[in-house]
Amino acid sequence: MASKVVDLRSDTVTKPSEAMRAAMAAADVDDDVVGVDPTARRFQAEMASLMGKEAALFVPSGTMGNLISVLAHCDVRGSEAILGDNSHIHVYENGGISTIGGVHPKTVPNNPDGTMDIDKIVAAIRHPDLHYPTTRLICLENTHGNSGGKCLSAEYTDKVGEIAKSHGIKLHIDGARIFNASVALGVPVDRLVKAADSVSVCLSKGLGAPVGSVIVGSKDFIEKAKILRKTLGGGMRQVGVLCAAAQVAVRDTVGKLADDHRKARVLAEGLKKIKHVTVDPASVETNMVFFDIVDPRISPDNLCQVLEQHNVFAMPASSKSIRFVLHYQISDADVRYAVTCVEKAFEELL
Ligand SMILES: Cc1ncc(COP(=O)(O)O)c(CN[C@H](C(=O)O)[C@H](C)O)c1O
């Protein structure tokens, strides 16, 4: 058994590096609710510039980043947001845009590559009618988590952006892993999000910061977002401690994402050799590997339980599949060990 845990449940499990901890301890801080935390101001300005937008706002989580963005764009009663039926906002955020924001979701099927068909997006846009909500937003997700970390191209994003603009509606990107997409596609992140009115970027996933996300957009959008963050209880005082760690994360870890993608492909190739597993290494675009269990007698929960006995942690992704997520704190030896443990787990279960 591995002496340490090989945690492949998610890239949310990354722990702050020594450099992040040192930056947190040394951070110059003040009260960010009144807008004077110097480290938060500096970090937000850096992120706005990096993403090619006018302004930025540090928020406690990706879920809050998405919620604030949707509410800022859909700030009139009777608003509707178009989003993927397999999107994180629709599946994993407790329906917050409706339960808290009163925004009506209009889902469009996500394709296996994480996109939504352009013609289905257009068909989902409401025309004025006293029976209908008013479409005010389209949401994309890049990379797309439930599709296996698939990348949306800049061209596709631009096309959706043109549709939004021509209908007078806004475009938000859930860019929790936008840096993974940028690295995998070889497209600068500001180009990838050029058509978006807002983006929510997770700092605490593959980038390895301990907490937080940052949303970017126009100055007016961020002013609205700041008020919504306060309304939701997300106003933070000496938040420079967290922004300092996030600054180190963006500086130090973006360059490691390509290696996470390489390790994901190595993992998929290793899993492919196990007869009880179906996986397509060619479909691995970024840091996620989804594989199917062939034998119906074994559930993903069964397999995850046995893997845990070997100190390998994974996440069931459906009634027959499991998700492994790679991050920079997983080594090549960990990947080899995980493959060995999957093979052993089947031997123990069958
Ligand atoms: C695309 C996307 N957008 C938003 C979020 C929410 O971020 P947090 O609220 O967890 O910071 C996540 C987290 N994703 C988590 C994970 O993948 O393990 C879980 C599923 O919530 C996400 O994957």
Side-chain angles (χ1 to χ4, degrees), residues 7-16 47 57-71 81 83-97 99-100 105 107 110 113-116 139-152 157 172-182 184 189 192-193 196 198-216 225 228-229 232-234 236 239 242-243 245-246 249 257 260 264 285-290 300 304 313-318 321-327 329-330:
D7 197 343
L8 295 161
R9 287 173 296 178
S10 175
D11 45 5
T12 58
V13 304
T14 47
K15 293 181 176 62
M47 288 308 293
L57 185 69
F58 183 84
V59 291
S61 69
T63 298
M64 192 185 280
N66 285 327
L67 178 60
I68 287 172
S69 298
V70 173
L71 269 52
L83 70 177
D85 64 344
N86 210 6
S87 63
H88 194 275
I89 293 175
H90 188 62
V91 177
Y92 297 112
E93 299 182 11
N94 302 95
I97 65 169
T99 52
I100 296 173
T107 58
N110 274 121
D113 66 357
T115 63
M116 296 180 276
C139 298
L140 296 178
E141 181 178 319
N142 194 11
T143 64
H144 193 274
N146 266 356
S147 304
K150 293 288 188 301
C151 304
L152 303 189
T157 307
H172 171 68
I173 296 177
D174 174 355
R177 298 182 181 86
I178 195 72
F179 282 100
N180 291 84
S182 167
V189 67
L192 212 41
V193 302
S198 59
V199 190
S200 176
V201 183
C202 283
L203 303 156
S204 60
K205 292 186 170 59
L207 298 187
V211 174
S213 284
V214 62
I215 53 180
V216 293
L228 284 162
R229 180 185 68 174
L232 295 168
M236 296 164 279
V239 74
L242 297 178
C243 292
L257 296 177
D260 295 345
E285 294 183 7
T286 55
N287 66 328
M288 293 187 181
V289 179
F290 283 50
C304 286
F313 292 0
M315 191 94 88
S318 73
S321 64
I322 282 181
R323 181 187 83 161
F324 278 146
V325 184
L326 280 296
H327 49 84
Q329 293 171 343
I330 295 292

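Being a predicted model, the structure only gives us computed values, none of them experimental. Atoms considered below: every heavy atom in the structure, side chains included; atoms not considered: hydrogens, waters and symmetry mates. Counting convention: from 1, in listed order, for ligands and their atoms alike.
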- Message: Looking only at the side chains, is there a donor atom on one of D11 and N287 sitting less than 3.5 Å from an acceptor on the other?
- Response: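 Looking only at side-chain atoms, N287 and D11 do form a donor-acceptor pair, the distance falling under 3.5 Å.
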- Item | Donor-acceptor side-chain pairing of N66 and H172 below 3.5 angstrom | yes
With distance as the sole test, does [X] use its side chain to make a donor-acceptor pair with the main-chain N or O of [Y] at under 3.5 Å?
| X | Y | answer |
| --- | --- | --- |
| Q329 | K15 | yes |
| T286 | G149 | yes |
| N142 | C151 | no |

- Task: Quick one, list the residues around ligand 1 where some non-hydrogen atom comes in under 4.0 Å, by chain and residue number.
- Result: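 S10, S61, G62, T63, N66, H88, E93, E141, D174, A176, R177, C202, K205, R323.
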- Between D174 and L140, does a side chain to side chain contact (heavy atoms under 4.5 Å, CB included) hold up when you go through it step by step? CA-CA 6 Å; D174 174 355; L140 296 178; over 6 Å; no
